[in-house]
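First the structure, in the form of structure tokens, and then the observations on it.
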Amino acid sequence: MTTSRIRRTAVAVAAAAVLPFSLAACSDSGKDEASGAGAPASSSAAAENSSAPADSEMTPDGPFGPACAGVPKEGAGSFDGMAKDPVATAASNNPALSTLVTAVKKAGLVDTLNNAQNITVFAPTNDAFAKIPKADLDKVLADKDMLTKVLTYHVVGEKLTPKQLENGSFETLQKGMITTKGSGEEYTVNDSSKVVCGNVPTANATVYIVDTVLMPK
């Protein structure tokens, strides 16, 4: 009996000694799990907030601008169709560029533009040409040398990205210089002509459709 009581007493003492440590271990484990579960969500949210750029800082990867809405959704004049043709041919399939196409044909520049590689064309819309008094426009269209100078002033001998237009200065095929400014989806050329549909790909060029004809300085 004495031996049995001693054993029971020893077991009780041992259990009393071990229990607090077991409870402490469980408590610490719960804290670790809780903190472990919360930490990734917090750091993930912080990472997203720090890495996500503001919309105004993003440069577009594809065509952009209000006039892009007027581009046909299908066919040769669509963005997909224009991407398959060289630039003069692609422009001829866009109804908003018919005056430019007429001018290019009068100047004999169709083959020049179609055969060039990796160029950028700032293409004035019909409305851009309409801003020029008719008498002055007719005079330019009738003078092949002058017309060639005006048209080649709209062409740069490299493909330009929107990022390059943010604060750029580029030599044209006419040998004059143009300057560009802007960000996001709003850019101007020579401080006067706005890009209304930009970053349009063709088989050999990038096109920025503009609302004002650029005149050589």
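Each residue takes its place number in the sequence, starting with 1.
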- Task: Dump the intermediate steps for side-chain contact (heavy atoms from CB on, under 4.5 Å) on T180 and Y187, then the final yes or no.
- Result: CA-CA 7 Å; T180 59; Y187 299 90; over 6 Å; no
- Donor-acceptor contact below 3.5 Å, side chain H154 vs main chain P124: no
- Task: Using atom types as modelled and distance alone, determine if a side-chain donor or acceptor of S183 lies under 3.5 Å from a backbone N or O of E166.
- Result: no
Could you state the interatomic distance from [atom1] ([X]) to [atom2] ([Y]), rounded to the nearest 0.5 Å?
X: S92; Y: L97; atom1: OG; atom2: CG; answer: 9.5 Å
X: E185; Y: N199; atom1: CD; atom2: CG; answer: 10.0 Å
X: L151; Y: L100; atom1: CG; atom2: CG; answer: 6.5 Å
X: T148; Y: L173; atom1: OG1; atom2: CG; answer: 11.5 Å

- Message: With clusters defined by side-chain heavy atoms of hydrophobic residues (ILVMFWY) lying less than 4.5 Å apart, directly or transitively, does V156 cluster with V150?
- Response: no
- Query: Shared ILVMFWY cluster between L137 and L109, side chains joined below 4.5 angstrom?
  - Reply: yes
- Evaluate the criterion side-chain contact (heavy atoms from CB on, under 4.5 Å) for residue pair V196 and V210; output intermediate values, then yes/no. CA-CA 5 Å; V196 293; V210 294; 5.9 Å; no
- Just wondering, are more than 12 heavy atoms of other shown residues or ligands nearer than 6.0 Å to NZ in K159? yes
- Query: Hey, is CD on E186 packed in by over 12 heavy atoms from elsewhere, all under 6.0 Å?
  - Reply: no
Are any of the side-chain heavy atoms of [X] and [Y] separated by less than 4.5 Å?
X: V104; Y: V101; value: no
X: N204; Y: N115; value: no
X: E158; Y: Q164; value: yes
X: F64; Y: C197; value: no
X: T179; Y: V189; value: no
X: F122; Y: V155; value: no
X: V213; Y: I132; value: yes
X: V195; Y: I209; value: no

- Query: Name the one of T102, L141, T99, V140 that satisfies side chain to side chain contact (heavy atoms under 4.5 Å, CB included) with F129?
  - Reply: T99
- Message: When you compare the side chains of K194 and T212, does any donor N or O come within less than 3.5 Å of an acceptor on the partner?
- Response: no
- Message: Can a side-chain donor-acceptor contact be found between Y153 and N190 if the only test is distance below 3.5 angstrom?
- Response: yes
- Pairing of D138 and K134 as salt bridge, 4.0 angstrom limit: yes
- Query: Using a side-chain heavy atom cutoff under 4.5 Å and only I, L, V, M, F, W and Y, what cluster partners does M177 have?
  - Reply: none
Please report the shortest heavy-atom distance between [X] and [Y], naming the atom on each side.
X: P216; Y: K149; result: CG-O, 3.8 Å
X: Y208; Y: T161; result: OH-C, 3.3 Å
X: T125; Y: D211; result: OG1-CA, 4.4 Å
X: C68; Y: G198; result: SG-N, 4.2 Å
X: A123; Y: V207; result: CB-CG1, 3.9 Å

- Task: Name all residues meeting the salt bridge (charged side-chain N to carboxylate O under 4.0 Å, His left out) criterion together with D61; count only those two or more places apart in sequence or in a different chain, and write none if there are none.
- Result: none
Could you go through residues 69-91 and list every donor-acceptor pair under 3.5 Å that involves a side-chain atom there, pairing it with any protein atom two or more places apart or in another chain?
residue	atom	partner	partner atom	Å
S78	OG	G75	O	2.6
S78	OG	G81	N	3.1
T89	OG1	N114	ND2	3.1

- Message: Before you tell me yes or no, could you show the steps for T152 and T172 under side-chain contact (heavy atoms from CB on, under 4.5 Å), namely the whole-Å CA-CA distance, both residues' side-chain angles and the distance that decides it to 0.1 Å?
- Response: CA-CA 7 Å; T152 54; T172 69; over 6 Å; no
